[in-house]
**Student:** 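Have a look at the structure that comes next, please.
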Amino acid sequence: MPLAPTVVLVHGAFADASSWAGVIRHLHATGLTVYAPANPLRGLAHDAAYLRSVVGQIGTPVVLAGHGYGGAVITEADADNVVALCYVAGFGLDAGESLLDVTSRFSPMPGPDPTVAAWLPAWSPADPDSELYIRRERFLDVYATDLAPRVGSVLSVTQRPIARGALTARSGPPAWARKRSWYAIAAADRMLSPTAQRFMAQRMAATERVVDGSHAVVMSRPDAVAAMIREAAGQCGDHGALY
């Protein structure tokens, strides 16, 4: 009998692993084992190497789920035991592509707009890179329009910034070319254009699910996100590779 897959949830920029709490509750209720490691947000190669090391220590098939920038990380962090990929308003980059390549082709992320985002100094003297965060007064409108204001207010002051270099880092050969993929398109997303999401989902021939949610869809619609991940886990088991 095939081993039941383990689900590994990878958060994106401006959030932390707790953003998956509602999804985790739904997945636990169906008996799935779940991990939600902290995504370092230091850069694509660094973050993917860290995730690959986490996945490599799991002795079962793995379903990787990535939200936002976390989608770029799971695309880069393929491993032999990964059987399916689940993108949640996530970046499914192609080889040689960066986050800014995608957003400039459609509507932009807040990075170029100083009224929406700001740069912090480098997080350590040894690291010359600066970090991007969303201005607190704009966070709810840009990131989480479908969450209660009191929730958005807390998220705006606990957000984790992303290293600037992560926006221009080039992705390697995409895992979605070899593994089955699912994609939850956040129809009301103001961070990553739903048009861009649909483009990436269709390019990877993913099973699409359209969810009425903002970029914070993992928090506002955890039921729908968990349902997609359960579907991927149920259909793939340890047979998710395309060949």
Side-chain angles (χ1 to χ4, degrees), residues 7-24 26 36 39 41 44 47 63-76 84-94 97-111 116-117 132 134 138-147 151-152 155 159-160 162 166-167 171 174-176 181-204 206-229 231-232:
V7 177
V8 177
L9 305 171
V10 183
H11 67 83
F14 319 118
D16 59 27
S18 69
S19 61
W20 291 104
V23 173
I24 292 169
H26 283 282
N39 186 355
L41 304 180
L44 190 52
D47 300 342
V63 173
L64 282 179
H67 173 233
Y69 167 73
V73 177
I74 69 170
T75 299
E76 183 84 358
L85 305 168
C86 292
Y87 294 84
V88 185
F91 284 90
L93 301 181
D94 204 349
E97 196 171 56
S98 72
L99 272 67
L100 286 186
D101 288 337
V102 172
T103 58
S104 63
R105 197 179 309 161
F106 300 94
S107 60
M109 280 176 68
V116 174
L132 175 70
I134 301 172
R138 298 298 307 277
F139 189 91
L140 194 66
D141 180 57
V142 170
Y143 189 96
T145 55
D146 51 358
L147 294 179
V151 176
L155 293 173
Q159 62 177 298
R160 290 186 55 209
I162 186 170
L167 305 183
S171 186
W176 49 258
S181 301
W182 276 253
Y183 201 114
I185 298 168
D189 199 329
R190 295 182 180 178
M191 282 281 297
L192 176 58
S193 166
T195 304
Q197 295 178 43
R198 186 167 292 105
F199 164 78
M200 289 183 284
Q202 293 179 353
R203 180 172 64 179
M204 66 177 72
T207 299
E208 295 180 33
R209 297 288 180 265
V210 178
V211 182
D212 185 15
S214 71
H215 195 69
V217 66
V218 295
M219 291 176 272
S220 62
R221 292 296 310 279
D223 53 339
V225 172
M228 182 187 73
I229 295 171
E231 179 181 316

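Note that the coordinates shown come from a computational prediction; the quantities given were computed from them, not determined experimentally. Numbers here simply count residues along the sequence, with the first being 1.
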**Student:** Check for a donor-acceptor pair, side chain of His67 on one end and backbone N or O of Ala216 on the other, with a separation under 3.5 Å.
**Tutor:**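 No; judged by distance alone, with no hydrogens or angles, the pair does not exist.
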
**Student:** How far apart are the C-alpha atoms of Val102 and Leu93, what are their side-chain angles, what is the distance that settles it, and do they pass the side chain to side chain contact (heavy atoms under 4.5 Å, CB included) test?
**Tutor:** CA-CA 8 Å; Val102 172; Leu93 301 181; 3.7 Å; yes

**Student:** For Thr103 and Leu192, work out which heavy atoms get closest and say how close.
**Tutor:**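 What the structure gives for the nearest pair is CG2-CD1, 4.3 Å.
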
**Student:** Give me each pair satisfying salt bridge (Lys or Arg N to Asp or Glu O under 4.0 Å) with a member in residues 213-227, each pair once, sequence neighbours excluded.
**Tutor:**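 Qualifying pairs: Arg221-Asp223.
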
**Student:** Filter on side-chain hydrogen bond (donor to acceptor under 3.5 Å, both in side chains), then keep only pairs touching residues 192-201, sequence neighbours left out; what's left?
**Tutor:**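 Qualifying pairs, neighbours excluded: Asp189-Gln197.
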
**Student:** At their closest point, which heavy atom of Pro222 faces which heavy atom of Val23, and how far apart are they?
**Tutor:**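 Closest approach of Pro222 to Val23, heavy atoms only: CB-N, 3.5 Å.
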
**Student:** Let me confirm one number: the CE-CH2 distance from Met219 to Trp20, rounded to the nearest 0.5 Å.
**Tutor:**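 Rounded to the nearest 0.5 Å, the CE-CH2 separation comes out at 10.0 Å.
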
**Student:** Could you walk me through whether Trp176 and Asp94 satisfy the side chain to side chain contact (heavy atoms under 4.5 Å, CB included) test, starting with their C-alpha distance in whole Å, then the side-chain angles of each, then the deciding distance to 0.1 Å, before giving a yes or no?
**Tutor:** CA-CA 9 Å; Trp176 49 258; Asp94 204 349; 3.9 Å; yes

**Student:** Locate the shortest heavy-atom distance separating Val218 from Ser19; write the atom from each residue and the value.
**Tutor:**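 Nearest heavy atoms, Val218 then Ser19: CG2-O, 3.6 Å.
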
**Student:** Could you check whether the rings of Phe106 and Phe199 sit parallel, tilted or perpendicular, using 30° and 60° as the cut-offs?
**Tutor:**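 Rings of Phe106 and Phe199: tilted, as their planes differ by 30° to 60°.
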
**Student:** State, yes or no, whether a side-chain contact exists between Glu231 and Thr207 at a heavy-atom distance under 4.5 Å.
**Tutor:**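 They are in contact (side-chain heavy atoms under 4.5 Å apart), so the answer is yes.
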
**Student:** Between atom OH of Tyr87 and atom CE of Met200, what is the distance when rounded to the nearest 0.5 Å?
**Tutor:**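 Output value for this atom pair is 9.5 Å.
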
**Student:** I'd like to know whether CG of Asp212 has more than 12 heavy-atom contacts from other residues, nucleotides or ligands below 6.0 angstrom.
**Tutor:**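 Atom CG in Asp212 is not packed in, count stays at 12 or less.
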
**Student:** Minimum heavy-atom separation for Ala84 to Ala232, with atom names?
**Tutor:**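 Closest approach of Ala84 to Ala232, heavy atoms only: CB-CB, 4.4 Å.
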
**Student:** Hey, does Val63 have a side-chain heavy atom less than 4.5 Å from the side chain of Cys86?
**Tutor:**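 Counting from C-beta outward, Cys86 and Val63 do come under 4.5 Å.
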
**Student:** Any idea which heavy atoms bring Val211 and Ala184 closest together, and the distance?
**Tutor:**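 Here Val211 and Ala184 meet closest at CG2-CB, 4.2 Å.
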
**Student:** Kindly compute the distance separating OG1 (Thr75) from CG (Leu44), expressed to the nearest 0.5 Å.
**Tutor:**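 Interatomic distance, Thr75 OG1 to Leu44 CG, rounded to 0.5 Å: 8.5 Å.
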
**Student:** Do Glu97 and Ser171 have side-chain atoms, one donor and one acceptor, less than 3.5 Å apart?
**Tutor:**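 Per modelled atom types, Glu97 and Ser171 side chains form no pair under 3.5 Å.
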
**Student:** I need the Phe14 CZ to Leu155 CG distance, nearest 0.5 Å.
**Tutor:**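 That separation rounds to 13.0 Å.
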
**Student:** Distance check, rounded to the nearest 0.5 Å: Met191 atom CE versus Tyr143 atom OH?
**Tutor:**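 Output value for this atom pair is 7.0 Å.
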
**Student:** Taking the side chain from Trp182 and the backbone from Val88, do they hold a donor-acceptor pair closer than 3.5 Å?
**Tutor:**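 No, because the side chain of Trp182 does not come within donor-acceptor range (under 3.5 Å) of the backbone of Val88.
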
**Student:** Kindly give the heavy-atom pair with the smallest separation between Thr145 and Arg190, and that separation in Å.
**Tutor:**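 That would be CG2-NH1, 3.6 Å.
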
**Student:** Look up atom NE2 in His11 and atom CG in Asn39, then write down how far apart they are to the nearest 0.5 Å.
**Tutor:**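 Output value for this atom pair is 5.0 Å.
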
